[in-house]
Amino acid sequence: MNLSSLNEQQKAAVMAPLGPVLVLAGAGSGKTRVLSFRIAYLIEKALVKSENILALTFTNKAAAEMQKRVVSLLSRGKSNAESKKSTQDNLNFQLSAFNSSALPSMGTFHSLGARILRKEIARLGYNSNFVIIDSSDQLKIIKDILHDLPIETRLSPNLFRAYISTAKNNLQTPQELSLGLEADLANLVQEVYLRYQNFLSRQNSVDFDDLLMLPIKLFQANETILAKYQKQFRYILVDEYQDTNHAQYVLLYLLAVEHNIFVVGDDAQSIYGFRGSNIGNILNFEKHYPEAKVYKLEQNYRSTKNILTVAQKVIELNPEQKPKTLWTENPAGSKVQLEAVEDELGEAYFVAKTIVALSSGLEIPEPASTTGGSGFSILDQFLRKQSPQSAYSFLQLPKQHGSLKGFAVLYRTHAQSRALEEAFISAAIPYQIIGGVKFYERREIKDVLAYLRLLSNPFDLLSLKRVVNVPARGIGEKSFQALQTFIDSVRSTIPEALLPEFLKALSGISLPAKSKQAVSHFYELLDGFNSLAPEIKLSELMKAMVKKVQLFTWYNDGTEIGEVRVENIKELFNVAVKFDHLPWPEGLPQFLEEVALISEVDNLKDNQDTVTLMTLHAAKGLEFDTVFFVGLEEGILPHAQSLLNPAELSEEIRLAYVGLTRAKKQLFLLYAKARRLYGNLTYTNPSRILRVIPAANLSGSLGQSLPYAEPGELTYEPLE
DNA sequence: ACCGGCCTGTTTTTT
DNA sequence: ACAGGCCGGT
């Protein structure tokens, strides 16, 4: 392997001795390269066997990319035929890449947890075909629990979900719960948590947090199992270490018994505190592993000097930020362009116009102004008088245009994407949005998946409840209750024979004859799917199910929404095709696991020539030639919810830093003077982030009212 | 059991 | 602004 393409620091990290290693890698300093080289290096120097390496990344996509890079590094120097073969193997590999033997294990913490639980969960009283529930399912369960509770509470189900999640991240069972809450509330949370966990266990399902907590509980209770995994994962590498939480820290600490752990991260990019990540993990690495070697990667290969300087100034808004000197040999580049717009429509127009201009080389004329003295953006005037389509008729991306791949629009919240999306549609600019209304959370998708989950795990009450009357077949609340009672009574004795047994037992249930017939028909339906499943491919099974229950007819009500729903279901068939080669019953749980653990960024299609729109969180780890950073206003970034809490405000600053450092060549910063929030117009001020950017690196300015300030001058007080 | 209309909280970020 | 939950009428 040739290390000559690495700089001295990168090389030192790649060639570090075994034992704990912390690589503090600034934005764009090549940390993914270092990780890939490190893995290849360990394998090639025979320091660690490939199958004993575990690499944990933040997304499945990142894991897939690293896998590809390692394979390519290792196959260089081999004979042509051999390298061709391994590349081919690599192309076939699954996203949840925990199955191939020769390659290192790579994936997310959650997929690792799922993998361990598939093998070991029987010891915890679950069955290995457990299903993974998402947060809306969590919420449904908690709502039901609150409903059943003898006491009334005005507290929102979301609050309980958050407490339960925190408890799990801190590895507290319901019995061990200790969140420092006032006694009454603590008791209530404990009761809800207990019932919630019982429900999950009863219906053989786990939530995201369980995927981390349960393996740890298992390991702590059973040394033999732990030893097995310690032996298997002799060497562990972790990407984005700054965003790990307490449970993840403990899991690593348990597994890396020989302290062969190599973590890479940047404390300036820690942005997941809201979901329990603990920046202390990276800051205290040397305390946790006293013999740790630390390497710093400070040369940035991504951005121009102007962009880097701006990012540097912004991160200085954080007084407790560890100082770091990130430098680059890249050219100064064009100045960062600051643009004030009237409102979100003006913002969308500016972005669309600039993309058209940059990608086609055309000068874009301003629309004929209809603005009166009191109006907002020109476009706003247009939109009020005409349809959105005609509003942009003067702005169309010509057929002949350059690549759009290099453009990204980044924003703080999904809600901000709407105006942009409308502008892009009108201007005929191809785009993809990452996240937003998530594909796998759409109703029709969850319906189809629920049928499948029920097939995989007959105890999945949540899925049963979901599909029992979709499409409507005359089974209402009462009938469902009877069903549920039956399932509870039968589960301990004959789980496998649930469906036929049910038909026999049905005569003993007190229900009107009509309901009984409906329920019985439903179960015959499921039973039919059960016998069909082993005989056909997964995607064929799904098609057959959808056809049999006439889901398309149910959804296609003639509206546009109905049409979209049908299209979405067809899209889901395509996803399932990837699992068609697996034999029954393995294919189904693997498919369900992949769709449960898929992350938003995994859906990013980098083979398509489109502009990408996404949140700052989703943009972590990515880079683009040209970035439009929109909505830089107080209340948006930093977000209004974070203004009162210094820790959260710091996270907003780091979030801004992440956004700025995504840009390679050109960076546009936009703020609107007014914006429609929750339906009505709000006047806004430029973000404090903009105020610390030196004029020398900037084209455009903030104007008089809120002038430049040194980072130190801006306190944590909310700005007016 | 189903359907339509009204009310509410929801938007910060997510595996 | 809007989706999803709840209530009351069929």
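Lettering follows sequence order; numbering is per chain, from 1. Just so it is clear, the structure is predicted and the values come from calculations on it, not from any experiment.
A:Lys168 places its NZ atom 21 Å from the P atom of B:dT14, with the value rounded to the nearest Å. Here the C1' atom of nucleotide B:dT14 and the CD1 atom of A:Ile434 are 14 Å apart, to the nearest Å. If you take CZ of A:Arg443 and C1' of C:dG4, they are 10 Å apart, rounded to a whole angstrom. Protein atom CG of A:Asp210 is 17 Å distant from nucleotide atom P of B:dT15, rounded to whole Å. Atom-to-atom, CG of A:Leu139 to P of B:dT10 comes out at 9 Å; the value is rounded to the nearest Å. In this structure, the CZ atom of A:Arg275 is 13 Å from the P atom of B:dT13, given to the nearest Å. In this structure, the NE2 atom of A:His521 is 18 Å from the C1' atom of B:dA1, given to the nearest Å. The interatomic distance linking A:Lys620 (NZ) with B:dT14 (C1') rounds to 11 Å, in whole Å.
Taking every side-chain heavy atom of A:Thr615 into account, B:dT13 is the closest of B:dT11, B:dT15, B:dT13. The side chain of A:Thr108 sits closest to B:dT15 out of B:dT11, B:dT15, B:dT13. Nearest nucleotide to the A:Arg418 side chain, out of B:dT15, B:dT14, C:dC2: C:dC2.
Nucleic acid contact class of A:Asp209 (heavy atoms, under 4.0 Å, all strands): none. Backbone-only engagement by A:Ile475 is indicated by non-hydrogen atom pairs under 4.0 Å involving sugar-phosphate atoms exclusively. A:Glu648 comes within 4.0 angstrom of a nucleotide base, judged by non-hydrogen atoms across all strands. Within 4.0 Å (heavy atoms only), A:Tyr272 reaches sugar-phosphate atoms of the nucleic acid but no base atom. As judged by a 4.0 angstrom heavy-atom cut-off over every strand, A:Ala472 is placed among residues touching the sugar-phosphate backbone only.
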Candidate pair A:Tyr163 and A:Tyr196, rule ring-ring contact (aromatic ring centres under 6.0 Å, His included), full reasoning = CA-CA 12 Å; A:Tyr163 282 136; A:Tyr196 170 80; over 10 Å; no

With side-chain contact (heavy atoms from CB on, under 4.5 Å) as the test, would you mind laying out the steps for A:Leu572 and A:Leu449 before giving the verdict?
-> CA-CA 9 Å; A:Leu572 188 65; A:Leu449 289 176; 4.2 Å; yes

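In this model, the phosphate group of B:dT14 is not approached by any side-chain N or O of A:Ser599 to a distance below 4.0 Å at OP1 or OP2. In this model, the phosphate group of B:dC2 is approached by a side-chain N or O of A:Asn469 to a distance below 4.0 Å at OP1 or OP2. Look at A:His110 and you won't find any side-chain N or O under 4.0 angstrom from OP1 or OP2 of B:dT14.
Stacking of A:Arg118 on the aromatic ring of A:Phe130 is recorded, both the 6.0 Å distance cut-off and the 45° axial limit being met.
Separating the P atom of C:dG4 from that of B:dT13 is a span of 16 Å, rounded to the nearest Å.
For A:Glu441 and A:Ser156, each mapped to the nucleotide of DNA chain B holding its nearest heavy atom, the one lying further toward the 5' end belongs to A:Ser156. Looking at which nucleotide of DNA chain B each of A:Ala415 and A:Val601 is closest to, the 5′-most match is held by A:Ala415.
Side-chain rings of A:His639 and A:Phe274 stay apart, their centers remaining 6.0 Å or farther from each other.
Ring stacking holds between A:Phe274 and B:dT13, with the centres under 5.5 Å apart and the planes within 30 degrees of each other.
Within a 6.0 Å radius of CZ in A:Arg473, more than 12 heavy atoms belonging to other residues, nucleotides or ligands are found.
Of the options A:Asp210, A:Asp209, A:Thr173, a side chain to side chain donor-acceptor pair (under 3.5 Å) to A:Lys168 is made by A:Asp210 and by none of the others.
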